[in-house]
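Note that these values count all heavy atoms, side chains included, but never hydrogens, waters or copies made by symmetry.
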Amino acid sequence: MLRASSGGTGPSGTAGGEGRLVSIGTVLNLLREEFPEVTISKIRFLEAEGLVEPQRTPSGYRKFSTVDVERLGYVLRMQRDHYLPLKVIREHLDAMARGERVQLPTPAQSREVLDLADEAVAAGAADAGHGEPGRPAAARIGREELLATAGATEGELAEWESYGLVAAHPDGGFDADCVTVAKLIADLGRFGLEPRHLRAMKAAADREAGLVEQVIAPLRRHRNPQTRAHAEATARELAALSVRLHAAFVQSALHLRTQ
């Protein structure tokens with residue numbers, strides 16, 4: 001049974017008898033006592049990120065030790081309770097392996113982790129020329145301002161809207177995401193890509209968003225307020241991974257076609 005952390009700095013929990021190796025299905029059942037939203041895909045993802053290294057049988061099946069389950073519990077707990085990114089959690093685990101004491105953030109500091117992540121995303125968009133520096137995330141701009149920002153004509157914007165690539169809010173305003181999309185569409189248009197070519201990208205993005213919603217839906221329905229709040233961080237992490245995967249697919253395909 002996986003035991004919840006008492007607030008200390010180390011992982012806690014057991015995986016059956018000491019030294020016993022268990023399957024990923026058993027690990028899932030142990031973790032779900034404290035983390036009902038965890039999935040086998042999540043465990044495999046944490047393994048791929050180097051946060052746990054289970055042994056493998058000659059036939060390739062994963063076998064997890066007590067320490068592996070403790071590490072997984074610690075990772076999930078730090079994500080749920082402190083909103084820590086995996087890079088920081090990995091640093092914590094490495095420090096504890098060296099016998100060092102790790103200082104956990106206070107609840108207020110944990111909330112700041114998400115706020116800083118939002119600021120970093122906004123700053124990155126502004127640096128890339130796809131955002132509006134100093135504009136609050138919830139602010140909206142009018143149609144004329146969007147046209148000026150994207151360097152587009154009214155006819156072009158109307159065409160983007162007809163293909164469902166850009167949509168105004170009921171009040172007629174466009175949010176920061178619309179501004180980013182409009183500028184990217186305009187940039188791609190300079191290379192001859194027309195809105196009709198971009199419908200497939202929009203459809204793929206909608207499907208990816210649907211997958212993310214499926215993953216975080218149990219978190220949002222959870223009785224624990226911290227778990228519900230963790231849905232926000234999980235959605236952000238999944239969105240970033242989806243973007244990276246999409247970029248890798250495109251790059252891989254282009255490499256294949258130029259060989």
Side-chain angles (χ1 to χ4, degrees), residues 41 45 85 114-221 231-259:
S41 296
F45 167 71
L114 290 180
D115 294 339
L116 289 173
D118 285 336
E119 292 174 7
V121 171
D127 290 342
H130 301 148
E132 291 298 307
R135 182 184 301 278
R140 294 173 187 160
I141 63 175
R143 196 173 188 88
E144 293 300 323
E145 189 176 355
L146 177 64
L147 292 174
T149 301
T153 66
E154 173 61 36
E156 288 172 330
L157 177 55
E159 187 179 14
W160 301 345
E161 290 174 315
S162 71
Y163 282 102
L165 303 176
V166 175
H169 285 263
D171 61 5
F174 296 88
D175 61 20
D177 289 334
C178 285
V179 175
T180 299
V181 170
K183 294 190 72 173
L184 289 170
I185 293 173
D187 289 342
L188 289 169
R190 297 186 183 98
F191 292 89
L193 291 176
E194 301 177 8
R196 59 190 176 88
H197 299 138
L198 305 180
R199 284 186 301 178
M201 292 186 182
K202 179 63 166 61
D206 289 341
R207 288 194 296 270
E208 290 171 13
L211 290 174
V212 172
E213 287 290 345
Q214 289 180 27
V215 173
I216 65 174
L219 299 178
R220 288 176 170 167
R221 294 194 300 264
E232 180 183 356
T234 301
R236 192 174 296 125
E237 185 175 353
L238 288 172
L241 289 170
S242 296
V243 171
R244 288 170 52 192
L245 179 61
H246 177 80
F249 279 151
V250 173
Q251 187 175 25
S252 176
L254 290 173
H255 288 168
L256 288 174
R257 289 171 185 168
T258 57
Q259 288 179 352

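Between Val212 and Ala235, the closest heavy-atom pair is CG1-CA, 4.0 Å. Residues Ala167 and Cys178 share a closest heavy-atom pair of O-SG, 3.3 Å. Residue Ala186 comes nearest to Ala150 through the heavy atom pair CB-O, 3.5 Å, listed as atom of the first residue, atom of the second, then distance.
Rounding to the nearest 0.5 Å gives a distance of 3.5 Å between CG of Asp206 and NZ of Lys202. A distance of 6.0 Å separates CG in Leu198 from CG in Leu188, rounded to the nearest 0.5 Å. Atoms CD and CD, on Glu194 and Glu159 in that order, are 7.0 Å from each other to the nearest 0.5 Å. For the atom pair CE (Met201) and CG (Leu184), the distance works out to 10.0 Å, reported to the nearest 0.5 Å. To the nearest 0.5 Å, the span separating NE2 on His197 from CZ on Phe191 amounts to 15.0 Å. Here the OG-CZ distance, from Ser162 to Arg196, works out to 12.5 Å after rounding to the nearest 0.5 Å.
When side chains are defined from C-beta on, Thr149 counts as touching Glu145, because their heavy atoms get closer than 4.5 Å. At a threshold of 4.5 Å between non-hydrogen side-chain atoms, the residues Leu146 and Val179 count as touching. At a threshold of 4.5 Å between non-hydrogen side-chain atoms, the residues Val215 and Leu211 do not count as touching.
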*Dump the intermediate steps for salt bridge (charged side-chain N to carboxylate O under 4.0 Å, His left out) on Asp187 and Lys183, then the final yes or no.*
CA-CA 6 Å; Asp187 289 342; Lys183 294 190 72 173; over 6 Å; no

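With hydrogens and angles disregarded, no donor-acceptor distance shorter than 3.5 Å links the side chain of His246 to the backbone of Val243. In this structure, the side chain of Ser242 engages the main chain of Leu238 through a donor-acceptor pair within 3.5 Å.
When the side-chain contact (heavy atoms from CB on, under 4.5 Å) test is applied to Arg244, the partners found at least two apart in sequence or on another chain are Leu241.
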